[in-house]
Amino acid sequence: MEVSVFGHERRIDGSVLEADSGTVRAQLREYEASERRSFDLGITYPDGFTGDVMRTMTAIPYGETRTYGDLAADLETAPIAVGQACGRNPVPVIVPCHRVVGVDSLVGYAGGLELKRRLLEHEGAALPDDPGTQS
């Protein structure tokens, strides 16, 4: 399903959520309005590494970030593997891949760095000191 988050279109794979599209959209609107900090949608995580990374991302608290290296250390893998798994996240924002950043930059985001920055600013997260990504 296509959803709008802060004016950016994102694709959400509703087949991995235990909620209908109306509930998904309502919770995203509540998130945008600062009425929700986490999602209560029931997620069917993929088997294997991508699912492991998604579970780890889900544990990152609202308003906080972790680096790709942090997640890699937790999962005993390489940061690039974590980044690749983040890119396969079928439910962005709901599973907060935007909260995973580089040591000194935002790095990539399938929705674009402008949206990643917007999501992190909305949550009040400290942003990496990267003059190339400052607004």
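- Checked by atom type and distance alone, the side chain of Lys116 never pairs as donor or acceptor with a backbone atom of Gly111 at under 3.5 Å.
- Contact annotation: the side chain of Val103 never approaches that of Pro128 to less than 4.5 Å [non-hydrogen atoms, C-beta and beyond].
- Nearest heavy-atom pair, Cys86 versus Val53, reported as atom, atom and distance to 0.1 Å: SG-CG1, 4.3 Å.
- Note: the hydrophobic cluster containing Val93 also contains Tyr62 (ILVMFWY, side chain heavy atoms under 4.5 Å, direct or indirect links).
- Taking all atoms of both residues into account, the shortest heavy-atom contact from Cys97 to Asn89 is SG-ND2, 3.3 Å.
- For the pair Arg99 and Tyr68, the cation-pi criterion (under 6.0 Å, within 45° of the ring axis) is not fulfilled.
- With values rounded to the nearest 0.5 angstrom, Asp74 atom CG is found 11.5 Å from Thr77 atom OG1.
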*For Glu64 and Arg66, run side chain to side chain contact (heavy atoms under 4.5 Å, CB included): C-alpha distance rounded to whole Å, both residues' side-chain angles, the deciding distance at 0.1 Å, then the answer.*
CA-CA 7 Å; Glu64 294 184 23; Arg66 301 291 184 271; 3.1 Å; yes

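- Using a 4.5 Å heavy-atom cutoff, the side chains of Pro61 and Arg37 are not in contact.
- Of the possible polar contacts, none joining the Glu18 side chain to the Ile43 backbone as a donor-acceptor pair under 3.5 Å is found.
- The nearest pair of heavy atoms linking Ile94 to Phe39 is CA-CD1, 3.7 Å.
- A pairwise comparison of heavy atoms in Gly14 and Met1 identifies CA-CE, 3.8 Å as the closest pair.
- With contacts defined as side-chain heavy-atom distances shorter than 4.5 Å, the pair Val3/Glu9 does not qualify.
- Of the possible polar contacts, one joining the Asp70 side chain to the Thr67 backbone as a donor-acceptor pair under 3.5 Å is found.
- With hydrogens and angles ignored, the 3.5 Å screen pairs no side-chain donor or acceptor of Thr23 with any backbone N or O of Ala19.
- The neighbour count for Glu114 CD, taken as heavy atoms of other residues, nucleotides or ligands under 6.0 Å away, does not exceed 12.
- In the model, His98 has a side-chain atom that pairs as donor or acceptor with a side-chain atom of Glu123 under 3.5 Å.
- Using a 4.5 Å heavy-atom cutoff, the side chains of Pro90 and Ile12 are not in contact.
- Judged by the 6.0 Å and 45° rule, Arg36 forms no cation-pi pair with Tyr31.
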*Test Leu41 against Gln27 for side chain to side chain contact (heavy atoms under 4.5 Å, CB included), laying out the working first.*
CA-CA 9 Å; Leu41 299 169; Gln27 288 195 19; 3.5 Å; yes

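- In this structure a side-chain-to-backbone donor-acceptor pair under 3.5 Å is missing from Asp52 to Leu75.
- Summarising the geometry of Val5 relative to Leu115, their closest heavy-atom pair is O-CD1, 3.7 Å, with the distance given to 0.1 Å.
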*Take Val95 and Arg55 through the side chain to side chain contact (heavy atoms under 4.5 Å, CB included) test and state the conclusion after the steps.*
CA-CA 8 Å; Val95 171; Arg55 283 182 190 88; over 6 Å; no

*Checking side chain to side chain contact (heavy atoms under 4.5 Å, CB included) for the pair Thr65/Val100: CA distance, chi angles, key distance, verdict?*
CA-CA 6 Å; Thr65 60; Val100 184; over 6 Å; no

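- Between the CG atom of Leu106 and the CG atom of Leu120 there is a distance of 6.5 Å, given to the nearest 0.5 Å.
- The minimum heavy-atom distance linking Tyr45 with Thr58 is given by the pair OH-OG1, 3.2 Å.
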